[in-house]
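Atoms considered below: every heavy atom in the structure, side chains included; atoms not considered: hydrogens, waters and symmetry mates.
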Amino acid sequence: MNKYYLLTIMAVVLALMPARAAIYMVGNIPFGNWNPANGVEMTNQGNGTYTYTVNVSGTVWFVFADGQDSDWTTFNANYRYGPPNSTQEVAVGNTYTTQKSNNNHSYKFTGNGVDYTFTFNLNNLTFSIAEYQEPPLPDPSTLSVGDVNGDGEITIGDVTALIDILMGGFANYDTKKRSDVNYDKETTIADVTTLIDYLLGGEFPVPVKEGYDYVWDDDALPEIHIDVRLGEWNRLLALYDANSFTTQYIMATISFVKDGETTVIDSVGLRLKGNTSRRRPEGRYGEMHVRNNTDWHHAHFGVNLRKYVDDEAHTIQGVRKLHLKWFKDDPAYVREMFCYELFRRAGVWTAVRNNYCRLWLHVEGDSQEAYYGVYELMEPIDKRYLKDRKNLFGSNNGYLWKCRNAAAGLNNPNGDIWYDDDTDDRHAYTLETQTEEFDSARVQLVDFMNKLSSLNDNAFYQWIQEVTDVDLLLKTYAVNVAVGMWDDYWNNANNYYIYFNARGLTGYKFFFIPYDYDNTLGTSLRTGVQDDAGRQNPLNWGNDNNRLIARILKFNDFRAKYIAYLKELIDKKNAFMDRTSSQARIRSWQRLIEPYVDNDTGEDTMIEDKPASWGNHGEYNLLKNNGDNFFNVKASSINALQ
């Protein structure tokens, strides 16, 4: 078929396609309540069929609607489809005929606490209810760009699916990625043209990954080899023995291997990292390196490629620093990977990049390098992080603070506030950028704390919207709570960064940056107000003396947005954090790394579906479908919110 003929056909199809119909379910929770403007939109399956799957426990009442209108009378008269009688009881397995209704008639259904699929047929105005049968999801890694409808092959059906998206049809995160066939990071008519060209024998463009996209490439498993002279390695061990929280660097050489390319950089800085997870990477206290019979230990490492030589040759495509993190207390090898990827899926652009890598370490004189296993390769939060997001932050020359030590509640202006002075001291609030302006930065931070605590409600409501993007903050915290991050700002005054994008006491924007998400997804602990990170009420997540989130949620409009963001995360159609799509992603990651998990430390040598051993809820799992599955439990706690 001639390419231009096919393009003409597609243009005609576009012109003749009717406006997309939308069918909603309206009723008591979980159908969006009876306010017509709050109905839940059903998924258009094509051919006039619409579906919605939801967990129903107990009795619910509902009707269907082909439009939304906040005026109750107009809604009933024009949009509502219901039964002929005032209340009609319905059950699984039957088909029911609806009619346009101008009264308050509704359907009554009693569920047994499982997922049910409601199917509405617009052609004959019938509906049915069935227990949800979970289809096996394909491995996300097997679905290629261009397979828009996710059926495992690229056909004219994908062109139709892509056109539907361009006309306003729903597309989740994964579908959008597969729709960007020309790799310009957006979905436009140009992708339709490229897809048609491919079906006519052409080829997709080859994506060019450079800079940060090259280093943090979701589709790759790079190798990192570190070579250290004997004297330098022994110095690192001695530094740890003198102070386990040492931030001092030793000199090393690093090789970064990806896609058959090897980048070798000498004279780089290597240091230990971590908080409570700090470890000696070899042997016991006081011991120096033992050749060829080494007692290796997993440890976190930081690599500064420009620590000793400041030139472009000492970067990996412009990347200057790497954070290499072992999967401490995460037998599943996925928790932090899942959380940061979820932040990005949900549009929280402040989240760092991360992916898997494999790590080797060689000390001078050893007969072979030691394989440390699968590590997490993380983007550091520093000046370069700010510069890479300058357009989003509005400026990269402001004040970046690291907040930790379970003492950073933004409620203690006389607290431990200092700057990064290249010592091993640890502070509740540490200024990481513009350290020469510490006095001015401290005044700004203290003024922020004072306003956070002292402004009356009306003044606070206006001020917080002036100094921060409240929607972004609420979305960030919705993800934080959904993944069960108890060791956070609200509950534990710990583990986050903040950034002020301008100097002074006014005219700045404040940003909350999420950090350190390994103790999540069922790794729970009795601390703060919490006992169970799966079942804890998301509206009562922490200590309200850590005021930022607690004060914001006092306002009805902000609280409603926060709850809406939480419910978006567990909505199956979005493929964010519902159990089915979450398990598909987790299994895909585990298949990628499982052959490489065994390592020379003898630690963490297998993947297991369980939380950290020291947690207080060891029953949680990620990959089963039962009452102890973390995704199921979290969905229940979120669905209970009103």
Side-chain angles (χ1 to χ4, degrees), residues 243 245-248 273 275 321 350 352 380-387 389-390 392-456 459-460 462-470 472-473 476-477 487-490 492-516 542-552:
N243 179 1
F245 289 107
T246 179
T247 60
Q248 304 306 301
K273 288 185 69 68
N275 189 4
K321 292 182 180 179
T350 51
V352 299
I381 300 175
D382 57 10
K383 292 180 180 178
R384 191 72 181 185
Y385 161 91
L386 297 175
K387 184 177 180 179
R389 295 163 175 80
K390 178 181 178 180
L392 295 167
F393 281 123
S395 165
N396 65 322
N397 295 317
Y399 300 135
L400 177 69
W401 296 88
K402 184 175 184 178
C403 309
R404 58 185 173 184
N405 290 1
L410 295 176
N411 55 8
N412 47 346
N414 295 317
D416 181 19
I417 304 174
W418 199 238
Y419 62 93
D420 185 355
D421 56 3
D422 289 326
T423 68
D424 298 336
D425 295 336
R426 299 162 54 78
H427 305 279
Y429 307 93
T430 303
L431 180 64
E432 300 285 332
T433 60
Q434 318 298 342
T435 55
E436 71 281 0
E437 300 178 21
F438 169 71
D439 289 340
S440 297
R442 185 183 187 282
V443 168
Q444 184 187 60
L445 176 60
V446 168
D447 181 73
F448 180 86
M449 292 184 190
N450 287 333
K451 289 175 179 173
L452 184 60
S453 300
S454 64
L455 289 176
N456 65 44
F460 175 84
Q462 297 300 323
W463 172 75
I464 197 65
Q465 294 179 88
E466 293 171 0
V467 300
T468 196
D469 181 343
V470 177
L472 176 62
L473 179 57
T476 302
Y477 234 86
D487 194 16
D488 66 343
Y489 161 74
W490 192 358
N492 215 31
N494 201 20
N495 287 329
Y496 65 98
Y497 283 75
I498 55 176
Y499 177 61
F500 297 89
N501 72 351
R503 295 157 176 77
L505 305 186
T506 61
Y508 61 78
K509 286 290 185 181
F510 161 87
F511 295 89
F512 184 97
I513 302 170
Y515 177 68
D516 203 0
N543 181 353
D544 286 354
N545 286 327
N546 303 331
R547 296 179 177 90
L548 178 61
I549 306 301
R551 287 209 71 180
I552 288 175

Exercise for the section: Determine whether more than 12 heavy atoms belonging to other residues, nucleotides or ligands lie under 6.0 Å from atom NZ of Lys509. Expected result: yes

Fill in the blank from the handout: All heavy atoms of Leu431 vs all of Ala441, minimum pair found to be CD2-CB, 3.8 Å

Practice task
State whether the side chain of Asn412 and the backbone N or O of Asn414 hold a donor-acceptor pair below 3.5 Å, judged by distance alone.
Solution key: no

Practice task
With the side chain counted from C-beta on, respond yes when Phe245 and Asn275 share a heavy-atom pair under 4.5 Å apart, and no when they do not.
Solution key: yes

Problem - Backbone of Ala406 reached by a side-chain donor or acceptor of Asn492 within 3.5 Å - result: no

Handout entry: Where Gly507 and Ala502 come nearest, the two heavy atoms and their spacing
Key = O-CB, 4.0 Å

Practice task
Kindly indicate whether the side chain of Ile464, heavy atoms from C-beta on, has any atom under 4.5 Å from the side chain of Leu473.
Solution key: no

Handout entry: Sidechain-backbone polar pair: Tyr499 side chain, Phe393 backbone, donor-acceptor under 3.5 Å
Key = no

Exercise for the section: Could you check if a side-chain atom of Phe511 sits within less than 4.5 angstrom of a side-chain atom of Arg389, using non-hydrogen atoms only? Expected result: no

Handout entry: Flag, side chain of Asn411 to backbone of Asn545, donor-acceptor distance under 3.5 Å
Key = yes

Practice task
Identify the two heavy atoms, one from Tyr429 and one from Cys403, that lie closest to each other, and give their separation to 0.1 Å.
Solution key: CD2-SG, 3.8 Å

Practice task
Report the relative orientation of the aromatic rings in Tyr496 and Phe512; use parallel for angles under 30°, tilted for 30 to 60°, perpendicular for over 60°.
Solution key: parallel

Handout entry: Worked check of side-chain contact (heavy atoms from CB on, under 4.5 Å) between Phe460 and Leu452
Key = CA-CA 7 Å; Phe460 175 84; Leu452 184 60; 3.6 Å; yes

Practice task
Please check if the side chain of Thr350 supplies one atom and the backbone of Pro514 the other of a donor-acceptor pair under 3.5 Å.
Solution key: no

Handout entry: side-chain contact (heavy atoms from CB on, under 4.5 Å) assessment of Leu505 paired with Val443
Key = CA-CA 8 Å; Leu505 305 186; Val443 168; 4.0 Å; yes

Exercise for the section: Tell me yes or no: between the side chains of Asn495 and Asp487, is some donor less than 3.5 Å from an acceptor? Expected result: yes

Handout entry: Donor-acceptor under 3.5 Å (Asn494 side chain, Asp488 main chain)
Key = no

Practice task
Would you sort out whether Thr430 and Arg404 count as a side-chain contact (heavy atoms from CB on, under 4.5 Å), showing the intermediate values?
Solution key: CA-CA 9 Å; Thr430 303; Arg404 58 185 173 184; 4.0 Å; yes

Fill in the blank from the handout: Here the pair of heavy atoms bringing Asp422 nearest to Gln248 is O-NE2, 3.4 Å

Exercise for the section: Could you tell me which non-hydrogen atom of Arg442 sits nearest to which non-hydrogen atom of Ile417, and how far apart they are? Expected result: CG-CG2, 3.9 Å

Exercise for the section: Can you sort out the partners of Asp447 under side chain to side chain donor-acceptor pair (under 3.5 Å), two or more places apart, ordered by chain and number? Expected result: Lys451

Fill in the blank from the handout: In short, Lys321 meets Asp382 closest at the heavy-atom pair CD-OD2, 3.3 Å

Problem - Residue pair Lys402 / Tyr515, side-chain heavy-atom distance below 4.5 Å - result: yes

Exercise for the section: Measure the CG-CG distance between Leu392 and Leu472 for me, rounded to the nearest 0.5 Å. Expected result: 9.5 Å

Handout entry: Under 3.5 Å donor-acceptor, Thr435 side chain and Tyr419 backbone
Key = no

Problem - Distance, nearest 0.5 Å, that separates CZ of Arg426 from CG of Asp416 - result: 10.5 Å

Problem - Value rounded to 0.5 Å, distance of CG in Asp420 from CG in Asp425 - result: 10.5 Å

Completion exercise
Phe448 meets the ring pair (Phe, Tyr, Trp, His ring centres under 6.0 Å) criterion, sequence neighbours left out, with Trp463, Phe500, Phe510

Practice task
Mind running side-chain contact (heavy atoms from CB on, under 4.5 Å) on Leu445 and Ile498 for me, showing each step along the way?
Solution key: CA-CA 10 Å; Leu445 176 60; Ile498 55 176; 3.8 Å; yes

Practice task
Sort out for me which residue in Glu432, Glu437, Gln444, Gln434 forms a side-chain hydrogen bond (donor to acceptor under 3.5 Å, both in side chains) with Tyr399.
Solution key: Glu437

Problem - Expected output: side-chain Thr247 to main-chain Thr423 donor-acceptor under 3.5 Å - result: yes

Practice task
May I ask you to test the Asn546-Leu548 pair for a side-chain heavy-atom distance under 4.5 Å?
Solution key: no

Practice task
Indicate yes or no: at least one non-hydrogen side-chain atom of Thr433 is less than 4.5 angstrom from one of Trp401.
Solution key: no

